[in-house]
Amino acid sequence: MFGNDITIPHLLIFFPLLAGLITFLIRNEASVKAWSLVSAIITLLISLASIYYRHNPELSGLAFNYEWLKYIGASFSVSLDGLGRLLTFLTAFSFPVIFLATYRNSYKNAKAFYGLMLLSQAGLMGVFLSTDALLFYFFWELALVPVYFLCSRWGGQKRIAATFKFFIYTFTGSLLMLIGIIYVYLQTGATSYSEHSFSMQAFHSVSLIPSQQNWLFWLFFVAFAVKMPIFPFHTWQPDTYEQSPAAVTMVLSGVMVKMGVFGVIRWLLPIFPAAVATFDNVVIALSVIGMIYASLIAMRQDDLKRLVAYSSIAHIGLMSAAIFTTKQLALEGVMIQMFSHGVNIIGMWIVIELIERQLGTRKISELGGLAHTAPVLTIMLVVIAFANIALPLTNAFVGEFMMFGGLFKYSMWYTGIAGLSIILAAVYTLNMVQQVFYGSANTLTSGMREISTNEKIILGVIVITIFAAGIYPQPFFDLTKDTVAEIITRFK
Amino acid sequence: MNAIILTAVWGIVMMFGGVFFKSKATPKYWAIAGLAAIIIANCLELQTGEPFFALDVKYMLSFNSFNLTFITVTLASTLLFFLLSGRDIEKVGANVSEYFALIFFVLCGVCLAATFNTLLILFLGIEIMSIPLYILTGTDKRNLKSNEASLKYFLMGAFSTGIMLMGIAFIYGGNSEGSFFINNIVLGEGKMPVMIAIGMVFIMIAMSFKVSAAPFHFWTPDVYDGAPTVFTSFMATIVKIGGFIAFIRLFENSFGKVHGQWQMLIAIIAAATLFIGNVTAVFQQSVKRMLAYSSIAQAGFMLLAIFALNDTAKEGLILYSAAYSLATIGLFAILIKMHDYTIEGFNGLAKQQPVLAVTATIFLLSLTGIPLTAGFQGKFFMLMAALKDGHQHWLVLFAVLCAAVSAYYYFKIIQAMFFKEGSQQIKADGSVAALAEDITPAFKLLLIITALLIIILGIFPSFLTEWLHYLNG
Amino acid sequence: MPVYYYIFLAVALFSIGVIGVLTRRNAIIVFMCVELMLNAANLLLVAFSKMHYQLSGATNPHAAGDAQIFVFFIMIVAAAEVSVGLAIIVMMYRNTHSVDVNFLNRLKN
Amino acid sequence: MTNIVQIIWLIPFLPLIGFLINGLGRNFLSKTATGVIGSGVILISFLISVLVFFSVKGGNTEVAHYFNFINTGSLKVGFDFQIDQLSSLFLLIITGVGFLIHVYSTSYMHEEEAKDFAKYFAYLNLFVFSMLLLVMGANYIIMFIGWEGVGLCSYLLIGYWFKNNDYNNAAKKAFIMNRIGDLGFLLAVFWLLNKLGTTDYHQVFALVADTQKSQLTAFDITGITLLLFVGATGKSAQIPLYTWLPDAMAGPTPVSALIHAATMVTAGIYMIARSNILFTMAPTTQGVIAVIGLATAVLAATIALKQNDIKKVLAYSTVSQLGYMFLGLGVGAYTGAVFHVMTHAFFKALLFLGAGSVIHAMGGEQDMRNMGGLKKYMSITHITFLLGCLAIAGMPPFSGFFSKDEILAGAFAKNPVLWVVGVLTAFMTAFYMFRLYAMTFSGKFRGTHDQEHHLHESPAAITFPLIILAILAVIGGWIGIPEVFMHGGHRLEAFLEPIFAQSNVIAEKHELPHSTEYILMAISVAGALLTLLYAWNKFSKYEKSEEVETGFGKVLANKWYVDELYDSIIVRPLRSLAAFFNNVVEKNIIDGFVNGVGKAVNYGSRQIRLLQSGQVGTYVLLMVFGMLVLFIIQLFL
Amino acid sequence: MSLLEILFWFLSLLTLGGAAMVVASKSPVHSILYLILTFFAISGHYILLNAQFLAIVNIIVYAGAIMVLFLFVVMLMNLNAESEPPQKNRWMLYIGAIAGGSLLLVIVAALKQTTTTTQLVQMNTGDVGLIKNLGMILFTDYVFPFEISSVLFLSAMIGAVVISKKEA
């Protein structure tokens, strides 16, 4: 029913979907794990193919378009552009890593767990691939629901309340966005079947008077801001990260967060240029405040997960600030940073997970001196941590450098203030490293064992990625050239 | 036409069947068979436009693709209701076939309400819909709550009938033609005559009462709570959407020309309904009562269709009705099987009855309006219609905020089923007491089919809305 | 005789019915008040029918008749309602030996 | 000459290789192997640097492009190395001194077990690599990479003994204070990017040279240079960011010698010398630099007067010497500053290594009050140390004399007051250095008996570097003999001429009359000599006494309470602010609002539920009210 | 003041008075009697309007059948003033009265604005209300509603059975 040919975008969406559904049918846990790992790896290969064949339009699904609800002008149209390739790759890359990293964990009712994981992957893919507003909204919600179940089923003590808050929060946001989508849709021109159209082209070419843009902007923005999250819409995040099972936290922070950023770049900026020009100051101010605020709070956290959560808020703040400068330099920075942030934070979670699995605690105050018994883990952590605070030759540096550079072009003073977060980041990260890994081991931590080989391999992969992207980031820029150019032309 | 006549006739058949049927189970099969036949007849009429009986009704009825599609939806929902809850109807009391007969009469009333062309038929249709319900509500004779419910329902229903008649009288007096035909009640675009306006408000109130819109909803929770759960399910779905079709047809044909003059009232009613329904549902402990409030809340969303009153609204109303009925019937069907109607009663259901839990989840998601379920399509069309209309954007905003609130209480059940540990007492022989009883494989299968229907409608609403494009819609 | 006399009369009757429904707790009396409301509507309809007949009896003879037929149907429905209503009241009386519409709440208190 | 350029990438690459080998093989490599690899790579780099040095002697600048680090529509950053006189000089210092210190370390760190030994050398190599990036980069971004890299390595090496949390704190402090500086550096780079769109040295300098082409306002230049200087204060431990350096002495002594004396801390000077043209265009900044530099010199010197920890004294003297260099930069005596970097690298490395040798002999004892009379136990250390002291005290013909004198002369030319303070500082330097010398080597031993028992001269691996450095400390200054003594004697100035050419053009260069120069030298040397002798006979007979410092001495002994000051005006407020955010704003205000909405709904639910009284009368009443409202709206509004 | 008007006023007074007493009187039996009185008055109005058919039906169906049914039920339960459930909260009475009154006021006020209501009503002449004519219409035009209303009665009948039949 999907028209003439199956293209890479469809594989990216439907393979995880089918894999997930199949997972529900498998009985024993071991084969569930194996199957989901294999399918995740296949997805990774597909996305690699999508990058390899990026100059081949047929495979990128640009031509493809299935009239889905033709009489209201919605179509099942998906396609890959630079940004899409980048983020689908991030998604495809992170899932195998996550599965490997948590391979040791055993869940009750594993098939449901892995099935939902794969479904959420499909949803994410859809978000990044769809070029139809309604379809986008569909996937936007679909990515959310499995995660909700994952968190509240396999999460920690206060999981139900925390994830419920998270769900209501994001659901409200997306409902507001739905109004926005419909309103914009009603302003679009007619297609051959319908009087309006949901297609991205139609949305991007719709002409809205500034007064309309100004309130529509906020409808969309709130949805994305909650997802990212931007101060002050962030309070769901630390609780959710803290309560979710490690694998889900990785998905949430590594990939899901990018949905917000992606949404802003793909939908908000092109549709409401005037409003963006009006409110960029507000948003950037919020983001900068958020950076400092979150960094300061991170200094006070005792739970590793919460610490990382707040640091993530700070990083995202920088991204959103950079986006809303609509400066080319900043946007290029955002592109690579989206990937880097994903890799780094997943690495962080993996380390935390490894510690918690062995010692059963995440409290910084209860840890210490792990470096004696687990030097490799320490080295990995230190590398990831320094990547997290954007040390040169790690992947995050290039991104942050360019984003700050773009922000500076926008305003020297914002940059000055935002720059303080660099220092604060160093403060809380080094505190964490010191208190968890250095010093002398206490009774609990002296029992820490060195991590296993396969864990070494996973962390090794991440570390290598960190350095590779940090030393030779050029491929990312080449990959996302087109998207950036497309945005920039609108704000010339 | 087919539907009206056949439902009436089959009602009579069931009635006399009560004398001959030996086994308690027989009426169910007759009812199901008959209803299936009626649905087919109706679909044929929908496609060909040719009823079996060429009755001259003097233009008192009008049949078009919208009405007939709608009738199909209601009949199909009823069939599903029979299939899912037939066994529970038998449990209510002795005279099973009478219950079925009454239900068929209600259906006849719904068909009239869907096709009326004069206020007289509207009045008769509404009454034919209501009177059997007063009885069905009271069928659990031993149960005081059931008695009270039926009494309240009856008194307030009669009260609303009075109001409606007053309105009809004023309308009759007000229009120069002195006609009851809904199409020539308001002729000009200009300001309505005062008498027409008064009559319209009266009728609007009466209809709001029938669809339980605030502030005329007060009977709903008590009645739904008191009535036997099977019949609550029937009332909350088929009858309610029957009321809606009457509502929208009346106001579209009679007062459509002066839409702008009364839109505000509907906006207020809708807002009030959304608010009261959603907010009050939050606190409810009994799932049955919560579903009563949720049905009020959903009515608030459906009122958006009457607020907008454009083609999208009509498509949306059909979608919404279908989605809402499917989900609610399914939920009630599960609820009936439960021992404990409180939310705690659902704790840990996912372990004992995974199928029930999963399907219930899909129903709840549909009611919440999560994409990939029919409920989303319904809400989506409603919002689109309201925005298309272009007035009172605040109402749309308010509606989605209320939808967010609705997620709050629907998900409480999901949480109970999946994430809470069951607090069932261990029986003497050490086995865990079952949360739900007599779950047959067929029942599960039907639930799964319902869930699939919801999902299919959620992805391809066109399967339903394309019916509108038969005949000269 | 101007029609508004009848209108006011009917509305007054209607309001009395409403007041009755509001104030009485005896189910039967409440029901009777409802009947008052119905009759108000009937009266109004008849009055209007004659008004229309006066206006355009020649051109549009149906208008007047329709209304009176309508009243006839109202009476039919009323009759049906009464039978059902009284049955319900009787059933309730059987169970509670009371005709108070709020008996359950009294039980609660 | 270009054939050299083709291999310059080896200079940083070899240490990197060393780092990788030592890092990855830390579990298998023997100590010997580690040492050989670690030092060997540096040696080779040093040899190449020598070649490079001679290749650029002719005055030519070579840029080697390797790959595009960043190449987008808006930003082009090549991974380029630049070889010219300045960088080649620093290459020599880094690799040369670096090599010696590696050799020294092989013996000094020998007690460490093999894997830590390897770790140590890996870090050391990594540091050299970063430092080389810093000086070889052909644009500010590559420089920044090295800039942060050395910070990282210093962090790792200070915290080398990570069991001790004081060390970790010191390391953290060092890194964070550097970060503060780095922020300044970054902002400056952004500013440059924003205004000029490039960070390549030659383009930037070319653009800066003609302001009308680049539309750089005076404000821009001043801002940029000040920010750069902030960066420099971080790396080179100037006021207000100097306090990390003394704490950094927590690291192994060779580390202090290499990183915190010879190389890393001079990065700031290198950076400013590298962008001298910018600073010359910004007289305001220069003023600031001169004042800050001098202030730092004085402050550190005063503190050094009262320190008893041998390494602490050296640390503060380093800070003070760095202050000197900044003074030089501030007054436009770029050559002098670079010259002083070089000589300082020699004698300060020497002094640290000597101190290390002493500590080694004393079995880890660092308090001078427990030393004394070591000259008869460890002669080589003693001699070399003495030479070092003389050099830093500025005694002719030792190297310190020439470089310091050049800076002072420049200062006088700018403003006599600067000179006066500078000279006083020089006297203090002489004083505390000889206090140190006397307390350590002369008098009689004050330590415990088994310490005395163990006293011995250090092995060759330690003494050999000492000797080399001593020789350099003595003769190092002779490449910069001032005009007054020998015409054309200042070979260094001639060598570096291409670097500072533009600045020299812009900045008005007023030569001091020779007579004045003689007088100035005389005063400084004489003064230094006097204080030196005073210190000698005051402390050569030093007896351990428990008298506590009082009054001003106490203030000095406590380092002017600067750490306490920072703690109370920055650290604590920040922490309490964070606490406020965490406990009040986050929990009560923001999250409180979110949860408040939920609570409100629940509350409303409970209230509205009461309408559902079950009383038909009430229901109908409410319905009638509803009717009334609708009627009124419809009919009267 | 013509005879018609006198009759009109008299009947109106009777109607309203009776209605008021229905609401007011304590004993249900009295209420019913007053209600019958009201119905007669209304029938009088019908006659006045020359709607003879309805007048008769009103008397037969309402005053006759329905009211007798009521009376029967009341007698069956032998309800009287004592067994009358007391209206506990007095304010309910006032509020109710006020609400109903204001409803009247609102509508009257609304109608006052218009002039259409001054339209005359044809009194005691005009043959539309005669049984012959209405019968014609009823069995030609209104045959369908007439048939369908049988469903109503059927359901009412079933209802009565289902409700009042003793559970076996």
Side-chain angles (χ1 to χ4, degrees), chain C residues 1-9 11-13 15-20 22-26 28-29 32-33 35-36 39 42-43 46-47 49-51 53-55 57 61-62 64-66 68-69 71-73 75-80 82-84 86-91 93 98-100, chain E residues 4 8 12 15-16 19-20 22-23 28 31 35 39 42 45-46 49 51 53-54 57 61-62 65-66 69-70 73-74 77 79 84-85 87 92-93 96-97 99-101 103-104 107-108 111 117-123 126 128-129 133-134 137-138 142 145 149 152-153 156 159-160 163-164:
Chain C
M1 186 130 295
V3 71
Y4 60 84
Y5 285 144
Y6 282 97
I7 299 178
F8 296 158
L9 174 59
V11 175
L13 201 52
S15 308
I16 293 174
V18 172
I19 293 174
L22 281 172
T23 49
R24 299 304 298 263
R25 292 177 58 170
N26 180 332
I28 296 178
I29 301 204
M32 290 198 287
C33 296
E35 293 298 336
L36 279 178
N39 277 277
N42 291 353
L43 183 53
V46 178
S49 94
K50 296 297 286 187
M51 178 190 85
Y53 196 68
Q54 175 85 323
L55 271 177
H62 278 295
D66 291 351
Q68 301 207 3
I69 292 292
V71 174
F72 175 65
F73 277 104
M75 289 176 177
I76 292 175
V77 170
V82 168
S83 62
V84 172
L86 287 178
I88 292 174
I89 294 177
V90 169
M91 166 183 75
Y93 185 81
S98 153
V99 289
D100 185 354
Chain E
L4 273 178
F8 174 81
S12 309
T15 319
L16 295 179
V22 170
V23 177
S31 302
L35 189 59
F39 286 155
I42 291 175
H45 273 297
Y46 292 160
L49 290 164
F53 174 66
L54 290 180
V57 173
V61 173
Y62 263 118
I66 297 181
L69 204 54
F70 269 98
V73 169
V74 172
M77 306 175 175
L79 300 172
E84 185 63 6
Q87 179 58 273
M92 193 64 202
L93 294 176
L103 189 63
L104 174 62
I107 296 171
V108 170
L111 288 168
T117 53
T118 57
Q119 183 52 243
L120 285 182
V121 179
Q122 186 190 40
M123 308 301 283
V128 313
N133 306 342
L134 290 180
I137 309 176
L138 181 58
Y142 283 86
S149 57
L152 197 68
F153 274 100
I163 289 279
S164 45

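The basis for the numbers below is simple: all heavy atoms, side chains too, and nothing from hydrogens, waters or symmetry mates. Naming convention: chains lettered A, B, ... in sequence-line order (proteins, then strands); numbering from 1 in each chain.
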Between C:Phe72 and E:Phe53, ring centroids under 6.0 Å: yes
Among E:Gly129, E:Ala65, E:Gly101, residue most engaged with chain C (heavy-atom pairs, under 4.5 Å): E:Gly129
Top contributor to chain C interface from E:Leu138, E:Ile107, E:Ile42 [non-hydrogen pairs under 4.5 Å]: E:Leu138
Side chain, backbone, both or neither of E:Leu134 within contact of chain C (heavy atoms, under 4.5 Å): both
Over all atoms of both residues, closest heavy-atom pair of C:Ala87 and E:Ala160: CB-CA, 4.2 Å
Contacting moiety of C:Val11, where chain E heavy atoms sit under 4.5 Å: both
Under 4.5 Å from any heavy atom of chain C - which part of E:Leu79: side chain
Aromatic ring pairing C:Tyr6/E:His45, orientation class (parallel under 30°, perpendicular over 60°, tilted between): perpendicular
Leading residue by heavy atom contact count with chain C [cutoff under 4.5 Å; candidates E:Gly159, E:Ala97, E:Ala99]: E:Ala97
Rounded distance [0.5 Å steps], CE in C:Met32 versus CG in E:Leu35: 6.0 Å
Which portion of E:Ser12 sits near chain C, non-hydrogen atoms under 4.5 angstrom: both
Residues E:Leu103, C:Val18; criterion side chain to side chain contact (heavy atoms under 4.5 Å, CB included); working and verdict: CA-CA 9 Å; E:Leu103 189 63; C:Val18 172; 4.2 Å; yes
Which portion of E:Ala51 sits near chain C, non-hydrogen atoms under 4.5 angstrom: both
Closest approach of E:Val128 to C:Ala64 (non-hydrogen atoms, all atoms of both residues): CG1-CB, 3.9 Å
Chain C contact via E:Leu54 - side chain, backbone, both or neither, heavy atoms under 4.5 Å: both
Chain C contact via E:Val108 - side chain, backbone, both or neither, heavy atoms under 4.5 Å: both
Test log, rule side chain to side chain contact (heavy atoms under 4.5 Å, CB included), inputs C:Gln68 and E:Ile137: CA-CA 10 Å; C:Gln68 301 207 3; E:Ile137 309 176; over 6 Å; no
